[in-house]
Amino acid sequence: MMLHSRHLICRLTTSPIRSRCFASTLVLAEQIDGGKLAPVTLNTLTAASQLKQDIDCVIFGSEKTNETANQLQKFNNLNIKKIFVAENAAFKGLLSESVTPVLLDLQKKNNYTHILGGSSTFTKAILPRLGALLDVQPISDITKVIDKDQYLRFIYAGNAILKLKSNDQIKLITVRGTAFESAKEGGGSGQAQIEKIDAAPKNDQSEFVSREVQQSERPELSAARIIFSGGRALKSKENFKLLYDLADLFPGQATVGASRAAVDAGYCANDLQIGQTGKIVAPELYVAIGISGAIQHIAGMKDSKVIVAINKDGDAPIFAMADYGLTGDLFKILPELTEKLKKK
């Protein structure tokens with residue numbers, strides 16, 4: 001039996017399931033404490049807008065997801081068409097075993113060609129699992145969108161840039177937040193529609209017990225404008241107080257980071273580690289104190305706007321990356337620097 005093309009179009013457009021025959025993008029909008037939108041989501045929205053497709057967003061959470069959705073609606077200049085909200089007590093802790101089945105169902109209903117998320121613990125736990133279910137290869141940590149199929153990403157600890165092309169019909173992508181500007185609110189017309197997902201995920205594989213968060217008035221590493229980062233040359237956990245004293249002179253703007261060597265030596269907590277196996281940062285000012293400049297560390301901070309190095313070894317590799325360098329004993333330089341900044 002032959003079906004006339006006009007009738008075929010009619011059947012497609014009146015289907016109760018919003019099946020798409022054109023390219024479209026889904027962004028995993030990450031919710032953090034208090035219903036706030038994670039900063040990396042704003043970078044991801046910028047990357048998604050460069051694909052020049054309709055954008056939908058999805059928010060998972062156990063509470064205050066409507067508040068997060070309302071924040072997303074303010075970005076009406078990015079062609080965001082719909083914001084899906086999945087709120088359920090089972091999403092507490094955002095376990096991948098709970099989130100992935102709901103995300104898979106959303107993909108099957110809407111046939112997205114691109115699914116993007118920021119390079120965070122949340123997204124990195126979900127997209128590989130989703131990729132296995134969809135039989136596609138996730139693309140990690142992109143730094144540039146060339147077109148809908150081609151992207152750039154770092155390899156070899158940031159020493160080389162790979163240009164890749166994906167032939168998968170569905171692209172699962174994590175975005176390096178430091179490589180894209182944060183999306184700006186407003187400037188467009190219309191407002192994205194908010195749609196609730198009736199999700200009742202069943203998860204008998206894992207259970208969220210608790211999360212211990214160290215409370216601090218200092219910003220997170222990924223959000224700080226200024227980072228004072230220390231290395232093994234600080235010699236002890238007590239000496240890291242020199243860095244905290246400096247950071248406290250810039251309330252709400254500065255925080256403290258560390259090299260892997262300092263973390264492994266027990267001078268500071270693991271969550272302060274910056275580098276290939278730590279966090280990727282790009283503050284306006286990065287001050288490397290007693291850090292030699294191993295390539296693993298450089299990979300995590302080389303996108304910083306201004307880099308200052310303080311090291312007693314004038315031949316340390318960090319000086320090759322630094323915009324400004326100071327050779328000398330950090331135990332003499334830091335107290336003097338702190339006192340001078342206090343007078344400003």
Side-chain angles (χ1 to χ4, degrees), residues 39 121 157-158 176-178 212-344:
T121 303
R176 177 178 286 207
T178 59
E212 294 183 10
V213 180
Q214 186 176 1
Q215 298 296 327
S216 174
E217 295 180 359
R218 303 182 191 96
E220 294 286 331
L221 276 171
S222 58
R225 293 181 61 243
I226 304 170
I227 296 177
F228 295 98
S229 193
R232 185 163 43 195
L234 280 159
K235 297 182 179 179
S236 71
K237 182 176 182 179
E238 291 71 27
N239 288 335
F240 251 73
K241 185 178 183 301
L242 295 170
L243 304 189
Y244 289 115
D245 289 343
L246 274 171
D248 289 342
L249 296 177
F250 305 90
Q253 301 183 70
T255 193
V256 172
S259 67
R260 177 171 179 172
V263 171
D264 289 346
Y267 299 166
C268 57
N270 291 337
D271 59 355
L272 297 186
Q273 182 179 327
I274 294 170
Q276 184 182 12
T277 55
K279 294 183 179 178
I280 308 296
V281 298
E284 294 180 21
L285 174 62
Y286 187 89
V287 185
I289 302 167
I291 293 175
S292 62
I295 58 173
Q296 290 85 358
H297 184 77
I298 297 297
M301 45 66 74
K302 67 179 184 177
D303 291 329
S304 303
K305 306 299 184 292
V306 177
I307 299 173
V308 176
I310 300 174
N311 201 297
K312 68 178 181 180
D313 180 5
D315 295 323
I318 190 68
F319 286 113
M321 286 293 301
D323 298 288
Y324 303 94
L326 183 58
T327 304
D329 185 351
L330 66 87
F331 294 107
K332 294 180 180 179
I333 293 171
L334 293 188
E336 185 178 349
L337 178 61
T338 302
E339 288 303 315
K340 289 189 175 181
L341 287 172
K342 285 180 178 179
K343 295 177 183 178
K344 293 294 184 180

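Predicted model only: the values in this text are computed from it and were never measured. Positions are given from 1 along the sequence.
Distance check, rounded to the nearest 0.5 Å: CD of E339 to CG of L249 gives 9.0 Å. A distance of 12.0 Å separates OG in S236 from NZ in K241, rounded to the nearest 0.5 Å. In this structure, CG on L272 lies 8.5 Å from OG on S229, to the nearest 0.5 angstrom. With values rounded to the nearest 0.5 angstrom, F228 atom CZ is found 10.0 Å from T255 atom OG1. To the nearest 0.5 angstrom, I318 atom CD1 is 11.0 Å from I310 atom CD1. For the atom pair NZ of K342 and CG of D248, the computed distance is 9.5 Å after rounding to the nearest 0.5 Å.
Scanning all heavy atoms of the two residues, the minimum distance from V256 to Y244 falls at CG2-CD2, 3.5 Å. Considering every non-hydrogen atom in both G293 and P317, the closest pair reads O-CB, 3.7 Å. Residue P219 comes nearest to A254 through the heavy atom pair CD-O, 3.3 Å, listed as atom of the first residue, atom of the second, then distance. Contact record, F319 with G325: CE2-CA, 3.6 Å, taken as the closest heavy-atom pair. The two residues G230 and A262 make their nearest non-hydrogen contact at O-CB, 3.7 Å. Scanning both residues, L330 and G290, for their nearest heavy atoms gives CD2-CA, 3.9 Å.
Within a 6.0 Å radius of CZ in R232, no more than 12 heavy atoms belonging to other residues, nucleotides or ligands are found. Counted within 6.0 Å of NZ on K302, heavy atoms from surrounding residues, nucleotides or ligands total more than 12; the atom is thus considered enclosed. Within 6.0 Å of NZ on K305 lie more than 12 heavy atoms contributed by other residues, nucleotides or ligands. K279 NZ: more than 12 foreign heavy atoms inside a 6.0 Å radius. Shown here is Y324, whose OH atom has no more than 12 heavy atoms of other residues, nucleotides or ligands within 6.0 Å.
Just one of D271, N270, T277 meets the side-chain contact (heavy atoms from CB on, under 4.5 Å) condition when paired with V263; it is N270.
Within the 3.5 Å criterion, the main-chain N or O of K235 finds a donor-acceptor partner in the side chain of Y267. Remark: the backbone N or O of L234 is paired with a side-chain donor or acceptor of N239 at under 3.5 angstrom. Side chain of H297 to backbone of I274: a donor-acceptor contact under 3.5 angstrom is found. At distances below 3.5 Å, at least one donor-acceptor pair connects side-chain atoms of D323 with backbone N or O atoms of I307.
Using a 4.5 Å cut-off on side-chain heavy atoms (C-beta onward), T327 and N311 make no contact. Side-chain contact between I227 and L285: absent, with no pair of heavy atoms (C-beta onward) separated by less than 4.5 Å. Residues I289 and I291 form no side-chain contact, since every pair of their non-hydrogen atoms from C-beta on lies 4.5 Å or further apart. Residues L246 and L334 are in side-chain contact: their nearest non-hydrogen atoms beyond the backbone lie under 4.5 Å apart.
Residues forming a side-chain hydrogen bond (donor to acceptor under 3.5 Å, both in side chains) with D313 (at least two apart in sequence, or on another chain): none.
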Side chain to side chain contact (heavy atoms under 4.5 Å, CB included), that's the test. Do I226 and Y286 meet it? Break it down for me. CA-CA 6 Å; I226 304 170; Y286 187 89; over 6 Å; no
Could you walk me through whether T338 and L242 satisfy the side chain to side chain contact (heavy atoms under 4.5 Å, CB included) test, starting with their C-alpha distance in whole Å, then the side-chain angles of each, then the deciding distance to 0.1 Å, before giving a yes or no? CA-CA 8 Å; T338 302; L242 295 170; over 6 Å; no
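Between K332 and E336 there is no salt bridge, since no side-chain nitrogen of the basic residue lies less than 4.0 Å from a carboxylate oxygen of the acidic one.
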